[in-house]
Amino acid sequence: MQTTDFLTQLNLSQRQAVEHFCGPMLVVAGAGSGKTRALTYRVAHLIRHHRVHPENILAVTFTNKAAREMKDRIERLFAQQQAETKYGKPFSALTQEEQTRLRSQVYKNITKHLWMGTFHSLCARILRFDINKYQDEKKRRWDKNFSIFDESDAQSLVKQIVTKQLNLDDKKFNPRSVRYAIGNAKNKGMSPLEYQRAEPDYRGRVIAEVYGIYQDNLAANNALDFDDLIRIPVELFRQNEQVLAYWHQHFNHILVDEYQDTNRTQYNFIRYLATNGEDPRYFNNWKNRSVFVVGDVDQSIYSFRMADYTILLEFQNDFGDGLPDEDTRTMIKLEENYRSRENILEVANKLIENNTQRIDKVLKPTRGLGEEIYCYEAESEREEAEFVCSKIQEITDQNPELDLGSFAVLYRTNSQSRPLEEALIHYDIKYVIIGGLRFYDRKEIKDALAYLRVIANPADTVSLLRIINTPRRGIGKTTIDSLLNASSQMGIPLWEIINDKASVNALAGRSSKAVNKFAEIIQHLQDEVENLTALEIVEGILETSGYTEDLKKQGTEEADNRLENLGELCSAVAQFQEDNEDTTLGSFLANASLASDLDNLQDGQEAVSLMTLHSAKGLEFPVLFMVGLEQGLLPHFRSIDDPLSLEEERRLCYVGITRAQEQLFLSYATERRQLWGARDATIPSQFLGELPADLVNTNAMKKAIYRSKRQSKKTQNSVVKKAVSNQTESWQIGDKVMHENFGVGLVTNVFGEGKKISLGIKFGKMTKIINPKIEPMEKLN
DNA sequence: GAGACCGTTATTTTT
DNA sequence: TAACGGTCTC
């Protein structure tokens with residue numbers, strides 16, 4: 001590959017970023033400025049031009065999906081280049097067979113070796129090598145088959161400690177907030193003891209105690225939570241020079257995407273690896289070594305997860321040369337936006353200007369004005385959803401080249417998806433929901449994974465308890481309690497009791513037989529774990545445990561659905577085996593625990609995407625809807641009173657807007673279903689008021705009616721009357737109307753006359769029969 | 001030991 | 001409103 005081949009496809013700043021070789025570099029990259037391109041090309045350039053071995057590159061992405069796409073793009077770059085050198089023609093001109101062969105060669109020689117993934121998956125991978133070398137302050141230890149507890153595992157563990165072990169009121173010590181406090185402590189690098197010193201009051205002491213017991217329990221289960229996955233490598237680097245030196249030497253070039261959303265622990269992870277533990281301000285051994293971070297403070301939206309954008313703001317003083325913008329050699333700004341139309345960018349820029357916490361930066365348009373932005377005021381969530389559907393229909397009708405994959409609907413909270421789903425089903429529009437209930441969170445999937453976790457890691461008592469009587473095999477509470485009791489008395493994992501026939505016969509009474517049989521099933525697969533593929537283990541366990549049989553017997557629709565999901569799990573395992581070198585059960589389980597729903601979002605899928613604003617980070621869509629722009633929702637009421645949180649909500653709104661490529665629709669409902677059934681009036685989001693009015697078109701007539709409605713409830717009648725008195729004019733086919741609920745329509749039929757007149761009106765795809773004397777409606781032009 | 005029923009309680013965002 | 005958890009009963 002001629003180096004210039006792909007460098008010519010970059011603008012000056014992007015090119016600088018790609019050609020940067022050694023030392024620290026911060027790329028301040030606005031939304032849609034081609035940062036992914038810069039990252040992928042830089043990785044390719046390091047390998048191709050500087051002869052860096054792929055294995056020595058560590059690239060951190062925000063999602064697994066982003067990692068996969070980046071690998072894919074790098075693979076394509078190399079395949080393209082090799083097609084030209086080997087066959088003398090472009091990749092696309094090769095036969096299918098040649099293409100596949102080339103791709104798999106590139107995979108084998110290059111992309112397979114890259115360390116590319118999220119902090120969590122990369123750290124999990126490091127820990128599978130080295131966790132046996134780690135020991136914490138209370139001498140707790142783990143081994144490489146550790147389980148990964150997800151947030152719900154972690155929370156139920158906390159709950160169990162609070163209510164069962166400490167006999168405290170879980171209303172006063174709400175498991176979620178206690179778990180949050182523990183997570184907070186972990187990300188600040190505090191042990192239970194240090195936490196107690198920092199928070200010496202009663203509540204602090206209790207939380208510290210829970211935290212200590214929580215770690216005991218994790219260790220007893222040979223399990224880690226999401227925070228530990230990153231914290232423990234950092235602690236290990238701190239306590240073990242050789243381990244640190246090994247990984248420091250291994251990762252010569254470190255790249256981090258979405259750097260504004262890293263937290264302290266993640267920062268420390270990067271810092272240790274980059275400088276071998278030295279203070280970055282004095283570290284100067286940058287030979288064949290770089291730290292390259294990309295981010296945008298305006299898109300920092302994860303502070304609830306301890307993300308801290310000041311880490312990005314500090315980069316220049318920390319790793320960089322600390323010089324002002326015009327002189328620095330360790331920072332590049334990417335400001336040209338290649339994604340969105342000018343109207344959209346202008347609106348985004350104006351909105352974000354209201355924030356105080358930022359680096360000044362303006363998105364510069366490159367793509368022309370585009371369509372106007374439309375803000376729709378709906379009457380209810382339902383009607384808002386109908387607006388979205390009818391717009392989608394209208395746009396697809398007019399633009400047959402657009403498929404449904406071009407559309408996305410974004411909202412603040414997952415629960416907002418419901419009315420949208422109902423409307424989409426009603427309109428017969430295909431959709432996919434990203435997030436909400438993850439595939440791996442479904443009961444049957446969690447059960448299946450629990451079986452697998454017990455096989456891989458018998459110490460995992462949480463999983464063991466989940467499945468010991470699932471499906472029902474006659475092992476009840478009394479039996480389990482007596483087994484558990486023995487396990488804690490003897491200080492050994494529950495599994496060791498269960499797997500010992502003598503103990504079971506002594507303790508389990510009537511249920512002994514069932515327990516022994518259960519133990520045999522698990523034991524059998526444990527013995528075979530080395531010889532079988534992950535897929536064989538999954539299929540084996542579902543069969544021998546009686547799980548599928550039980551579901552088949554039920555024969556309900558729900559059971560069928562679960563069977564189907566289990567089938568999907570098997571294909572996921574098969575897919576995993578195909579995609580990965582390391583096909584052991586442990587590796588699959590780590591992957592499953594860290595998989596997110598986003599990973600299933602596929603390009604070219606013929607369906608509208610529904611997701612939260614958070615999930616939409618890093619994505620783009622030609623036509624974008626943002627719904628529920630109301631005070632209390634966006635900005636969320638939990639953030640409305642705190643200026644800094646409010647700025648984060650504004651960034652969230654900014655992230656949403658900047659996902660749009662061609663067209664942007666904003667909407668809100670004036671009446672919303674509230675917490676328990678009651679409906680309540682809403683106030684439009686303050687962010688709408690911050691957008692330049694001349695760029696945003698609204699259904700203004702409705703707004704006027706609405707405003708007068710609100711001024712006084714009494715006037716409501718007169719509004720209707722006024723509307724009616726407006727309708728004395730005659731109607732004919734072809735008239736254009738503006739209807740309060742359905743928007744603009746076209747009169748297609750006129751029935752009757754005088755008082756009894758009614759009109760057939762086409763609003764987008766739906767046709768309604770409406771009496772203009774009753775329904776407030778205005779004739780246009 | 002299993003299932004029914006009733007009361008309570010929750011809604012921010014996610015690797 | 002809906003889902004979950006705990007209790008009570010068979």
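Predicted, not measured: the structure shown is a model, and the values here were computed from it. Naming convention: chains lettered A, B, ... in sequence-line order (proteins, then strands); numbering from 1 in each chain. What you see below is based on every heavy atom in this structure, not just the backbone, and it leaves out hydrogens, waters and symmetry mates.
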Expressed as a whole number of Å, how far does the P atom of B:dT11 sit from that of C:dG6?
15 Å

Check side-chain contact (heavy atoms from CB on, under 4.5 Å) between A:Ala223 and all other residues, then give those that pass, not counting sequence neighbours.
A:Ser147, A:Phe149, A:Leu218, A:Asn221

Contact under 4.0 Å: A:Asn414 side-chain N or O vs B:dT14 OP1/OP2:
yes

For B:dT13, does either OP1 or OP2 sit under 4.0 Å from a side-chain N or O belonging to A:Ser615?
no

Can you work out whether A:Arg305 or A:Phe637 has the more 5'-proximal nearest nucleotide on DNA chain B?
A:Phe637

To the nearest Å, give me how far apart CG (A:Leu634) and C1' (B:dT11) are.
16 Å

Quick test of the criterion, 5.5 Å between centres and less than 30° between planes. Is A:His614 stacked on B:dT13 or not?
no

Could you tell me which residues satisfy side-chain contact (heavy atoms from CB on, under 4.5 Å) with A:Thr356, sequence neighbours excluded, listed by chain and number?
A:Glu647

On the ring face of A:Tyr267, is A:Arg264 found with NZ or CZ under 6.0 Å from the centre and within 45° of the axis?
yes

Measuring only the C1' atom in each nucleotide, how far is C:dG5 from B:dT12? A whole number of Å is fine.
23 Å

So A:Tyr302, base contact, sugar-phosphate only, or nothing? Heavy-atom distance under 4.0 Å.
sugar-phosphate

List the residues meeting salt bridge (charged side-chain N to carboxylate O under 4.0 Å, His left out) with A:Arg473, not counting sequence neighbours, and say none if there are none.
none

So, using side-chain contact (heavy atoms from CB on, under 4.5 Å) as the criterion, who are the partners of A:Arg176 when residues are at least two apart?
A:Gln155, A:Asn174

Can you confirm whether the side chains of A:Asn355 and A:Arg650 place a donor and an acceptor under 3.5 Å from each other?
yes

Of all the nucleotides listed (B:dT14, B:dT15, B:dT12), which has the minimum atom distance to the side chain of A:Glu649?
B:dT12

Distances for protein N/O vs nucleotides 1-3 of chain B N/O pairs under 3.5 angstrom?
| residue | atom | partner | partner atom | Å |
| --- | --- | --- | --- | --- |
| B:dG1 | OP1 | A:Gly476 | N | 3.1 |
| B:dG1 | OP1 | A:Thr479 | OG1 | 3.2 |
| B:dG1 | OP2 | A:Lys477 | N | 3.3 |
| B:dG1 | OP2 | A:Thr478 | N | 3.2 |
| B:dG1 | OP2 | A:Thr478 | OG1 | 2.6 |
| B:dG3 | OP2 | A:Arg472 | NH1 | 2.7 |

Polar contact flag, side-chain donor to acceptor under 3.5 angstrom, A:Ser380-A:Glu671
no

All N/O pairs under 3.5 Å across the protein-nucleotides 7-9 of chain B interface:
| residue | atom | partner | partner atom | Å |
| --- | --- | --- | --- | --- |
| B:dT9 | OP1 | A:Lys171 | NZ | 3.3 |

Touch class at under 4.0 angstrom, heavy-atom based, for A:Arg651 against every strand present
nothing

With a 4.0 Å cut-off on heavy atoms, is A:Ser415 in touch with a base, just the backbone sugar-phosphate, or nothing at all?
base

Below 4.0 Å: OP1/OP2 of C:dG6 and any side-chain N or O of A:Lys159:
yes

Please confirm whether the shortest side-chain N or O distance from A:Arg176 to OP1 or OP2 of B:dT12 is below 4.0 Å.
yes

Any donor-acceptor pair under 3.5 Å between the side chain of A:Arg638 and the base of B:dT12?
no

For a quick check under 3.5 Å, do A:Lys617 and A:Thr63 share a side-chain donor-acceptor pair by atom type?
no

Within the pair A:Arg231 and B:dT15, is there a side-chain N or O less than 4.0 Å away from OP1 or OP2?
no

Counting C-beta onward and ignoring hydrogens, is there a side-chain heavy-atom pair between A:Cys653 and A:Met626 closer than 4.5 Å?
yes

